[in-house]
Trainee: 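I am attaching a structure below and will ask some questions about it afterwards.
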Amino acid sequence: MVSDPIIREGKLGTRVDLGKLEDIFSKHPERNNTNLVIPVLQEIQQIYGYLPAEALKKMSRHFNIPLSHIYGVATFYAQFSLEPRGKNLIKLCQGTACHIRGGKEVLKAVENLLGIGHKGTTSDFKFSLEVVRCLGTCFLAPVMMINRNYYGKLTPEKVRQILKSY
Amino acid sequence: MKKINSIKELNKLRKTLKAKYNPNKLRVRICMTGCRASGAEEVMRAFEEETKKNNLCKKVEILPTGCHGFCAMAPVLVVDPFDIFYGKITPENVSEIVSQTLLKGEPVMNLVYEDPVTYQKVVHSKDIPFYKEQKKIVLRNCGEIDPTNIFHYIRRDGYLAIEKVLDSMSSRQVIEKVRISGLRGRGGAGFPTWKKWELASNVKSEEKYLVCNGDEGDPGAFMDRAVLEGDPHSVIEGMLISAYATGATKGFLYVRAEYPIAVEHLGIALEQAKTLGLVGENILGSGFSFDISIKEGAGAFVCGEETALIASIKGKRGMPRPRPPFPVESGLYGKPTCINNVETLANIAPIILNGGVWYAKIGTEKSKGTKVFALAGKVNNTGLVEVPMGITLRKIVFDIGGGIPDGKQCKAVQTGGPSGGCIPTKELDTMVDYDSLEKLGAIMGSGGLIVADENTCMVDLARFFMDFIQDESCGKCVPCRIGTKRMLEMLERITQGKGEVGDIEKLEMLAKIVKDSSLCGLGQTAPNPILSTIRYFRDEYESHIIDKRCRSSVCESLFTSPCQNTCPVELDVPGYINFIKEGKYEEAVKLIREKLPFPAVCGRICHHPCERRCRRGEIDKAVAICALKRAATDYAKHYKPVRHKIKGIEVAIIGAGPAGLTCAFELAKLGYAPVVFESLPKPGGMLRVGIPDYRLPKNILDEEIKWILCAGIKIKTNTRIGKDIKFKALLKKYRATFIAVGAHSGYRLGIPGEDKNGVAEGIGFLRNLNLGKKQKVGNVIAIIGGGNVAIDAARSSLRSDAKKVYIIYRRTKSEMPAMEEEIEEAIKEGIEIIYLASPKRILGENGKVEGIECLQMELGDYDESGRRKPMPIKSSEFTLEVDMVIPAIGQKTDFSFLPEELQSPDKINWRTLATPLSGVFMGGDCRTGPATAIEAIAAGKKAAKNIDKFLRGEKIEEVKIFVERPPKRKRVEEPSSLYHQRIAVLPLSQRKNFKEVELGLTKTKAKLEATRCLRCDLEE
């Protein structure tokens, strides 16, 4: 999902292929209209795995929407990330049911195994971790999603096995 | 798919679909929404392969459906037309289901649902307790249809309601029908739906909007998700009808981005509806036009709030604005906007089709219809349930929910998520509806029901919710942005041991301010969990603040390991278990003795609350901590204690039981000269005169008491205060006194015939036995009661002269207060326990007991103890021929020797054990009522500490000072994966005497058992 448009130069620098943005922009003909901000941001993130600064600048110019507005929205909603993220996005639920059923231990296990915390990305860009509140699968507590796969009734041991399989 | 141009065409299509549908065809309805997370896709593929293999593709329909509700049994499927339910199915089970059920029509018995309480197999879903009490209106199609196929929906009277509306109803009439139904908004606030529609309808505007609020953000709620994934058309149809009633011209379906399957299914459903012309211009040729777009949320809980949601639709930051004006007057783009919840909308079509009166018949006076609840947390049957309003929470949690896992006790039920409150067990019989829950300080909320058990810390739960709220607060208004931050800080301090007296009041004050002045519902309801937990669990807050203890063993800064934290004397359990693992028995005993002067005694008779909380118990079985303690004392080399002589201040202790002796021991260690007065000929209290030899051999008890007395304790036996020495005289002579007389009096049954020869009260019976006094023991004995005294009396009678022993208990086995091990051994030894029976009168001629007449009981409603009250069944008398009756129905204390102000235990400060009389302290069974040895020992220690402070003229501090725990040491070894080691017991044939029954662990077994300890005291 992420490999194509991002050209990685070493671990720190990334150059972004902005050509992909044209496909998105062409789907939204309106200008000066903030209605499309959230859907467009979602589509940009779908392609790049995050919201590259250059993409946002281009978006602002194209749709004639102030960059400050776009940043305001990008930083308000939890879904958006301004930092490059790993190939596999782990969403670990710390909702009420998961919390009561031992979610804390599972989070600790993930943090220890990957060496990263909430909103962190492993140095090899393999995993990004996000702690979320409630994936709506409370009957499976404690739960985590990796990309679109759900893993439920977790224990620290199960977590170890699941992460190994990626 | 062709566009449907008229109601007639739609009708015809529906008739055709119904005609073509064969209800007797073989169908496998398998949940492909939530169950995907448990491998439903693999199961479905297995079915496809197996049916292909068996050439059944034409005969069998494999139908992917939405949520069946019984998520605890995922993956779930039902085989029609038999209605055979299968849960927890793996791909390996599929071939059996195909060959047995699909080919032969028979259930596969080892895969069929088994009731966890009765162990009965239940084949059909309609008979399973989880489903029996439910009434599915909102969830009518979930689990029955393929949500990605609009024709399935149409066939089941889908889009029939909008037909009726377009054909024969005005918008007024639609609103009126909804008014009669009494439907209230299901998003949480419970605003009457008809009123919202009417308000929107009355505003004159060219453009009006209808928004479906699918931003189900409450952690713990997944009702709307099931509807959106499993029956999206019910929501679309609801929107159409709502739009018609309000005059809306355009609709938005706002769905959380965190629900990808819902977004997908809604997209498919909407496209199909548009293709068929059911959404869009001139619907069914009626002239009514309504278009719907899907808008995805982007991860903001606050966007569930109406005005924030509107801002989000406009591509802005989801921040609310002040109301009035309300969205119905001026909402999206300044136009009238009606916002309805998913569940509310899913109710609309059935109301139109069946009538408002039909709906109003369900539910309570002010809360009509059904409610979908998401049961989660510490409950066996997690999942979705739809029940009529007015059902009790107890029914939902226990009858439908299957109760609490692992035999734990329910503590509270949290409703309404972070905006809601908790309802304690004693209120569980409340009927669920909007108003009754509000009275309790909770709210109905969206329907998330989280069950908390005894291991949930309510302060931590409040902190958890406030943490969530702080995260999700949009930041616009000061009360919420700063108020929630401060409340969170306070809660964090409290859970970390840094709570201060006055914090609770500060929290309450701040909570009120935030509630009153926040801009939107998020801030206004944020304090609810705090206020609610303070209301019902204030003692937990006080425990964290004053005692610096988290009794649920959750707040990590306040304890090292849960076993140690649960032990009333806080023994270093992992420490001594580790010594046992290394064979260092003397070190183990030394470590235990640092805090407990009765290691060998407790290793035999303690009721081990530590084991109940042992984390190993969550994996397989708790570590046998009590047996390990005994093993250490069995194998440690004994050494003679050194006799001390003390010249300090004399302190009087009344009672040489565990509380009195421990207090004396601790005082002697501190340099005082305790003088213990014991009314019986020998010391030990209940340990001697209550517990029989086969549980606690007297020589073991004597040795430990000798050890204790060597500390320099003077003891005067056969001396009763009140008789031999007056209490006032004691007070004059001694500067401090500890009253620890225990609870050695029994209760009378209060039935005719009780004064006959042959009726011996239980505690007295055991006392005589244990002091070696001669007493007559009958041949056939009936013991009344269900506690440890009853079991002790029963097993002792059997070892004396009795040939047959009955125990008559008025409730059932699971409610018996006696220790489980004791009950099991009693049954093994042949004692017949008659449950649900109560004595009516004792029979016999010439003043001798010849029989006992009992009544059978049944369990009625719950009383304050949380147990069901036994109710006598009319004319159910039965008689047992017995020659002795031993009542053992409770213990009380004879306070007559004390002055009046000391006769009520509630006047005693339970934190310091100080009585209203200066220098006089009281603890143990006489203060609490009959409890346990270890609690009495803990009371003795506390009393000694405070007597010391008192005598030194220091203030007896209530509030503990928090001492930061040292960092945990590194782990060296991994715990073993062995199953627990069984303790050897004396074979039945060898028990016709008072020899000790439990033989303890061998050295090898003790070592192995010790390796099972997870060492929670070490670093992760």
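Below, chains carry the letters A, B, ... as their sequence lines are ordered, and counting in each starts from 1. Small disclaimer: the values here were computed from a predicted structure and weren't measured.
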Trainee: Kindly determine whether Phe76(A) and Lys316(B) satisfy side chain to side chain contact (heavy atoms under 4.5 Å, CB included), including the steps that lead there.
Mentor: CA-CA 9 Å; Phe76(A) 183 85; Lys316(B) 298 203 158 121; over 6 Å; no

Trainee: Looking only at atom types and distance, does a side-chain atom of Gln79(A) sit under 3.5 Å from a main-chain N or O of Glu258(B), one as donor and one as acceptor?
Mentor: no

Trainee: Under 3.5 Å, is there a donor-acceptor pair between the side chain of His69(A) and the main chain of Arg317(B)?
Mentor: no

Trainee: Tell me, side chain or backbone of Glu41(B) under 4.5 Å from chain A's heavy atoms, or both, or neither?
Mentor: neither

Trainee: Phe70(B) versus chain A, heavy atoms under 4.5 Å apart: side chain, backbone, both or neither?
Mentor: neither

Trainee: Using heavy-atom distances under 4.5 Å, tell me whether Lys104(A) contacts chain B through its side chain, its backbone, both, or neither.
Mentor: side chain

Trainee: Tell me, do Glu296(B) and Ile38(A) make a side-chain contact under 4.5 Å, heavy atoms counted?
Mentor: no

Trainee: Asp471(B), Val302(B), Val554(B), Ile313(B): which one forms the most heavy-atom pairs within less than 4.5 Å of chain A?
Mentor: Ile313(B)

Trainee: Given that the side chain runs from C-beta out, which part of Phe301(B) has a heavy atom under 4.5 Å from chain A: side chain, backbone, both or neither?
Mentor: neither

Trainee: Quick one: of Gln42(A), Gln94(A), Met145(A), Lys91(A), who has the most non-hydrogen atom pairs under 4.5 Å with chain B?
Mentor: Gln42(A)

Trainee: Contact between Pro39(A) and Lys295(B) at the side-chain level, heavy atoms closer than 4.5 Å - yes or no?
Mentor: yes

Trainee: Heavy-atom pairs under 4.5 Å with chain B are the metric here; pick the option from Asn35(A), Asn33(A), Val37(A) that has the most.
Mentor: Asn35(A)

Trainee: Sort Pro405(B) into side chain, backbone, both or neither according to what part of it lies under 4.5 angstrom from a heavy atom of chain A.
Mentor: side chain

Trainee: Do Thr34(A) side-chain atoms and Gly315(B) backbone N/O form a donor-acceptor pair below 3.5 Å?
Mentor: no

Trainee: Relative to chain A, which of Gly448(B), Gly318(B), Ala300(B), Ala374(B) shows the most heavy atom pairs under 4.5 Å?
Mentor: Gly318(B)

Trainee: Could you go through the side-chain hydrogen bond (donor to acceptor under 3.5 Å, both in side chains) check for Tyr77(A) and Ser312(B) one step at a time?
Mentor: CA-CA 10 Å; Tyr77(A) 293 96; Ser312(B) 181; 3.1 Å; yes

Trainee: Check each atom of Val379(B) against the heavy atoms of chain A and say whether the ones under 4.5 Å are side chain, backbone, both or neither.
Mentor: backbone

Trainee: With a 4.5 angstrom heavy-atom cut-off, is it the side chain or the backbone of Cys474(B) that approaches chain A, or both, or neither?
Mentor: both

Trainee: With a 4.5 Å cut-off on heavy-atom pairs, point out which of Asp460(B), Leu384(B), Asn455(B) contacts chain A the most.
Mentor: Asp460(B)

Trainee: Looking at Gly152(A), Ala74(A), Gly72(A), Ala109(A), which has the largest count of heavy-atom pairs under 4.5 Å with chain B?
Mentor: Gly72(A)

